[in-house]
Protein chains: 2
Amino acid sequence: MPDADPPGWELPLLLFAGFRTLIDQLHASLAARGHPDVRPVHGFAMQAIGVHGASISEIGRRLGVSKQAAGKTVDRLAALGYVERVDDPRDARSKLVRLTPRGLDSLRLAAEIFEALRADWVAQLGAERVRSLESSLRTVVPAAGYPVDVPGWFG
Amino acid sequence: MPDADPPGWELPLLLFAGFRTLIDQLHASLAARGHPDVRPVHGFAMQAIGVHGASISEIGRRLGVSKQAAGKTVDRLAALGYVERVDDPRDARSKLVRLTPRGLDSLRLAAEIFEALRADWVAQLGAERVRSLESSLRTVVPAAGYPVDVPGWFG
DNA sequence: TTAGGATCGACAACGTGGTTGTCCAAACCG
DNA sequence: CGGTTTGGACAACCACGTTGTCGATCCTAA
């Protein structure tokens, strides 16, 4: 047995480092293209809102956080000009949260940048190893989408 | 070209899901073995303290956060009984933060559990694919260890 | 030896993201 | 119609991060 396996604690560190590398590069590109104030959590929230908009409660459910937490995040997104609240014509209790043109632009840019980032990995590792990495991870992680309560989850 | 590549935004999601899966399983095992109150951030902090102890400022540097933030985390760790502050005999300004026996136990257990978790992945994917995943990630992430200011970084 | 500067750790104030609990208005349903 | 559920706001609180300040201690160089 020539090479010893790396210690088990290295695996989570590498996964996190990969995640963080991508997200940091995403936000560096976003900042360079007119979106310096978006934080990672905002991107996930806007993803949860989607191009058709959603109510506060629905956003909370999609993110796996309370509606109060979702409401605060929407407040900050609104202050940054990425979303707006409009009355829901079909439910007087509900306010529909919709992306502004600026919000839509950031979402479109983010998708582009993620493609470019994956292409970088393919250039470094080859298409086969990137596909293998993705397929390995799909095997070991539960199928369900993951909640995005990262700050609260971690600390 | 038979199969289309997955969209670029899936890669960070998979990496995060892998990380979160491992950390969640770690803390589930830790909770079952007498450490229900440790949070992920505490584990990283204890790792930074190490078996020989460290000063508050040194912990902050190792974690990539301010000494004030390190001090608060140490406060909570001390309240949980995982660390203690003792006077540094060689510097009257400094307090040495040391792991208690309980803290050392959690660190030892965590190392064991991470080994078992990696073995689970090997059982599901095969040793070669796990090694390939680790090696791919080492290629694309910067060599430097990553800061652990996760909540602040994300939000 | 002493003056100046750097470092240690504490305290305070604040921003952001999360949580519960409470409340009212509107919607739903038997 | 009346009871229950739901949507969203408000308040209080906790965890984790930040900057700024400060006194005490250490180090170094005049």
Side-chain angles (χ1 to χ4, degrees), chain A residues 20 23 27 37-46 48-49 53-80 82-98 146-155, chain B residues 20 23 27 37-46 48-49 53-80 82-98 146-155:
Chain A
R20 178 151 184 166
I23 298 294
H27 283 278
D37 295 325
V38 214
R39 314 277 312 136
V41 72
H42 298 148
F44 285 92
M46 285 192 279
I49 294 167
S55 70
I56 294 279
S57 295
E58 181 58 26
I59 296 166
R61 280 191 293 266
R62 291 183 189 167
L63 293 177
V65 302
S66 65
K67 57 185 182 175
Q68 292 87 335
K72 286 203 216 177
T73 298
V74 167
D75 284 345
R76 273 135 217 165
L77 241 19
L80 291 171
Y82 284 90
V83 305
E84 59 184 353
R85 287 168 207 251
V86 301
D87 287 332
D88 186 333
R90 292 174 312 187
D91 188 338
R93 298 169 302 175
S94 182
K95 302 277 182 62
L96 192 61
V97 178
R98 265 195 325 211
Y146 255 97
V148 193
D149 56 342
V150 178
W153 163 73
F154 198 73
Chain B
R20 178 151 185 167
I23 297 294
H27 284 277
D37 294 324
V38 219
R39 314 278 311 136
V41 71
H42 299 148
F44 285 92
M46 286 192 277
I49 294 168
S55 69
I56 294 279
S57 293
E58 180 58 28
I59 295 166
R61 280 189 293 265
R62 290 183 189 167
L63 292 176
V65 302
S66 65
K67 57 185 182 174
Q68 292 88 335
K72 286 202 215 176
T73 299
V74 166
D75 284 344
R76 273 138 215 162
L77 241 19
L80 291 170
Y82 285 90
V83 305
E84 59 184 354
R85 286 170 207 249
V86 301
D87 287 332
D88 186 332
R90 292 174 312 186
D91 189 336
R93 296 169 302 177
S94 182
K95 301 278 183 60
L96 193 61
V97 179
R98 265 196 323 213
Y146 254 96
V148 192
D149 55 341
V150 178
W153 164 72
F154 198 72

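Since the structure is predicted, the reported quantities are computational estimates derived from the model, not experimental observations. Lettering follows sequence order; numbering is per chain, from 1.
With contacts defined as side-chain heavy-atom distances shorter than 4.5 Å, the pair B/Val150/A/Val150 qualifies. Within the 4.5 Å cutoff, no side-chain heavy atoms of A/Lys72 are placed close to those of A/Gln68. Inter-residue side-chain proximity for B/Tyr82 and B/Met46 is flagged as met; some heavy-atom pair is nearer than 4.5 Å. The side-chain heavy atoms of B/Val86 and B/Lys95, taken from C-beta on, include no pair separated by under 4.5 Å.
Under 4.0 Å is where a charged nitrogen must lie from a carboxylate oxygen, and between B/Asp37 and B/Arg76 no such pair does.
The distance between atom CG of A/Asp88 and atom C1' of D/dG7, rounded to the nearest whole Å, is 10 Å. For the pair B/Leu63 CG and D/dT18 C1', the interatomic distance rounds to 15 Å; values are reported in whole Å. The interatomic distance linking B/Phe44 (CZ) with D/dC16 (P) rounds to 13 Å, in whole Å. One interatomic measurement links the two molecules: CZ of B/Phe154 to P of C/dT16, which rounds to 16 Å at whole-angstrom precision. Distance, A/Ile59 CD1 to D/dA9 P: 11 Å, rounded to whole Å. Rounded to an integer number of Å, the gap from CG of A/Asp87 to P of D/dA9 is 11 Å. Spacing between atom CZ of B/Arg39 and atom C1' of D/dG17 amounts to 16 Å, rounded to whole angstrom units. Here the C1' atom of nucleotide C/dA10 and the NZ atom of B/Lys95 are 9 Å apart, to the nearest Å.
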Check nucleotides 25-30 of chain C for protein N or O atoms closer than 3.5 Å to its own N or O atoms and list the pairs.
unit_1	atom_1	unit_2	atom_2	d
C/dA27	OP1	A/Ala92	N	2.9

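In this structure, A/Ser94 reaches the D/dG8 phosphate: one of its side-chain N or O atoms is under 4.0 Å from OP1 or OP2. Residue B/Ser66 has no polar side-chain atom (N or O) positioned under 4.0 Å from OP1 or OP2 of D/dG17. In this structure, A/Ser57 reaches the D/dG7 phosphate: one of its side-chain N or O atoms is under 4.0 Å from OP1 or OP2. Remark: A/His42 is in phosphate contact with C/dG17, judged by side-chain N or O atoms under 4.0 Å from OP1 or OP2.
The 12-atom threshold is exceeded at CZ of A/Arg85, counting heavy atoms of other residues, nucleotides or ligands nearer than 6.0 Å.
Nucleotides of DNA chain C nearest to A/Lys72 and A/Lys67 differ in position, and the one nearer the 5' end is that of A/Lys72. Where B/Val150 and A/Arg61 each meet DNA chain D at their nearest nucleotide, the meeting point lying more 5' is that of A/Arg61. Toward the 5′ end of DNA chain D lies the nearest nucleotide of A/Arg85, the other residue of the pair B/Thr73 and A/Arg85 mapping further downstream.
Panel note: side chain B/His27, backbone B/Val38; a donor-acceptor pair is recorded below 3.5 Å.
Across its full length, the helix from C/dT1-D/dA30 to C/dG30-D/dC1 shows an angle of 10° between the axes of its 5 terminal pairs at either end, rounded to 10 degrees.
Backbone-only contact: A/Ser55 has heavy atoms under 4.0 Å from sugar-phosphate atoms and none from a base. As judged by a 4.0 angstrom heavy-atom cut-off over every strand, B/Gly71 is placed among residues making no nucleic acid contact.
The only member of A/Trp153, A/Phe154, A/Phe44 that meets ring-ring contact (aromatic ring centres under 6.0 Å, His included) when paired with B/Phe154 is A/Phe44.
To the nearest 0.5 Å, atom CG of residue B/Leu80 and atom CZ of residue B/Arg39 are 11.0 Å apart.
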- Tell me, with the steps shown, if B/Asp88 and B/Arg98 meet salt bridge (charged side-chain N to carboxylate O under 4.0 Å, His left out). CA-CA 11 Å; B/Asp88 186 332; B/Arg98 265 196 323 213; over 6 Å; no
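Counting distance only, with no hydrogens placed and no angle test, the side-chain atoms of A/Gln68 and the base atoms of D/dG7 include no donor-acceptor pair under 3.5 Å.
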